[in-house]
Amino acid sequence: MSKITNPDYPGFYFSATVIYMNIKKVYKKLYGYFGSQGWWPIFDIKIGECKYNCSENIKQNNKFEICIGAILTQNTAWKNVEKALANLSPEISPEKILTHKKLEKVIQPAGYYNQKAKKLRIFSKWWLQNKKATREELLGLWGIGPETADSMLLYAFNQPIFVIDTYTKRLCKELGVEFKEYDEYRKFFESQLPPDPKLFNEYHALIVAWGKLYTKDKEKVVKIIAS
DNA sequence: TACCAGGTCCTCG
DNA sequence: CGAGGACATGGT
């Protein structure tokens, strides 16, 4: 595929398709098809599963849980994360994680439970030190890579950081845009959108919705983003 | 039965 | 660096 430049976006290379279809239009198409996704889901003890469309207040009060969820969902279906969160509830706190006698056992449904238990302990210890949540700080912790760090920054700390995952790269590929580095993808989106956490929140969630459909019906997902 | 899921780390050349 | 493998459960 031939790559061409767009003077509006110096440093980026686009296929001919993307020139006529910027990333805001893609957002509108995804939103039009899937609608609001209501992220981040917060575990609700009353119903025993995660609830979407939570108020900003509830999300504010559950920042730690959001971060824990971001770790638990690494290469793992959210349904399995919910089981782990249910086992951790009703109290999901750094103190509980650090003193839990059977952490590996209760998070087992989320997979990679040995590694993830270690990640949760390291993150909890860091949390209790009351450090400022910056990208550099988070990336410095063992077990937190770029996507997990960015998920925390966006969904827990409300910062305008665009989250890149495998689905996002797949979407880009469909649009004819490919980069090598994670940060190149991130800047590609951030450079074309206003730095609005709510927009980034919805966009990433919509890309996940699109990505989930991709494996089931590739023909359909291509049509959704086509002009 | 294989393959995939809201990745990350480690090792080896 | 960069490719390749390990980590692990549950759904389709």
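Quick note on labels: first sequence line is chain A, next is B, and so on, each numbered from 1. Everything numeric in this text was worked out from a predicted model, so none of it was measured.
For A:Tyr113, whose side chain is taken as the heavy atoms from C-beta onward, the closest listed nucleotide among C:dT9, B:dG6, B:dT8 is C:dT9. In this structure, the nucleotide among C:dG10, B:dG6, C:dA8 sitting nearest to the side chain of A:Pro109 is C:dG10. Closest to the side chain of A:Lys119, from the set B:dT8, C:dA8, B:dG6, is B:dT8. Listed nucleotides B:dG7, C:dG10, B:dA5 differ in distance to A:Tyr167; the shortest reach to its side chain belongs to B:dA5.
For the residue pair A:Gln108 and A:Lys83, no side-chain donor N or O sits within less than 3.5 Å of a side-chain acceptor on the partner. Defined by atom type and a distance below 3.5 Å, a donor-acceptor pair is missing between the side-chain atoms of A:Glu65 and A:Trp40. No hydrogens or angles considered: nothing links the side chains of A:Glu147 and A:Tyr182 as a donor-acceptor pair under 3.5 Å. Counted by atom type alone, A:Ser124 and A:Lys96 present zero donor-acceptor pairs between their side chains at under 3.5 Å.
Nucleotide B:dA5 holds its C1' atom 17 Å from the CD1 atom of A:Ile207, rounded to whole Å. The distance from atom CD of A:Glu147 to atom C1' of B:dA5 is 11 Å, rounded to the nearest whole Å. Across the protein-nucleic acid pair, A:Gln74 atom CD and C:dA6 atom P stand 19 Å apart, rounded to whole Å. Taking atom CD of A:Glu104 as the reference point, atom C1' of C:dC7 lies 14 Å away to the nearest angstrom. The nearest whole Å value for the distance from the CD atom in A:Gln37 to the C1' atom in B:dG6 is 12 Å. Atoms CG (A:Asn80) and C1' (C:dT12) sit 13 Å apart, rounded to a whole Å. Here the P atom of nucleotide C:dG10 and the CG atom of A:Asn75 are 15 Å apart, to the nearest Å. Spacing between atom CG of A:Leu120 and atom C1' of B:dT8 amounts to 14 Å, rounded to whole angstrom units.
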Report the C-alpha separation of A:Leu98 and A:Leu128 in whole Å, then their side-chain angles, then the decisive distance to 0.1 Å, and conclude whether the side chain to side chain contact (heavy atoms under 4.5 Å, CB included) test is met. CA-CA 10 Å; A:Leu98 289 170; A:Leu128 291 177; 3.5 Å; yes

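As judged by a 4.0 angstrom heavy-atom cut-off over every strand, A:Trp142 is placed among residues touching the sugar-phosphate backbone only. Nucleic acid contact for A:Ile71: none, since no nucleic acid atom lies under 4.0 Å from a heavy atom of the residue. A:Leu206 comes within 4.0 angstrom of no nucleic acid atom, judged by non-hydrogen atoms across all strands. Note on A:Thr166: only backbone sugar-phosphate atoms sit closer than 4.0 angstrom, heavy atoms only; bases stay farther off.
The side chain to side chain contact (heavy atoms under 4.5 Å, CB included) with A:Lys119 is formed by just one residue from the set A:Thr148, A:Ile71, A:Asn114, A:Ile107; it is A:Ile71.
Between A:Cys67 and A:Phe157, the closest side-chain pair of non-hydrogen atoms falls below 4.5 Å.
Heavy-atom nearest nucleotides on DNA chain C were determined for A:Lys83 and for A:Gln115, and the one closer to the 5' end corresponds to A:Gln115. In terms of position along DNA chain C, the nucleotide closest to A:Lys180 lies nearer the 5' end than the nucleotide closest to the other residue of the pair A:Lys180 and A:Asn114. Toward the 5′ end of DNA chain B lies the nearest nucleotide of A:Ala70, the other residue of the pair A:Leu141 and A:Ala70 mapping further downstream.
Here A:Trp78 packs flat against the base of B:dG6; its ring centre is closer than 5.5 angstrom to the base's six-membered ring, tilted by less than 30 degrees.
Between the OG1 atom in A:Thr134 and the CG atom in A:Leu153 there is a gap of 7.5 Å [rounded to 0.5 Å].
Of the residues in residues 208-216 of chain A, none has a non-hydrogen atom less than 4.0 angstrom from any atom of DNA chain C.
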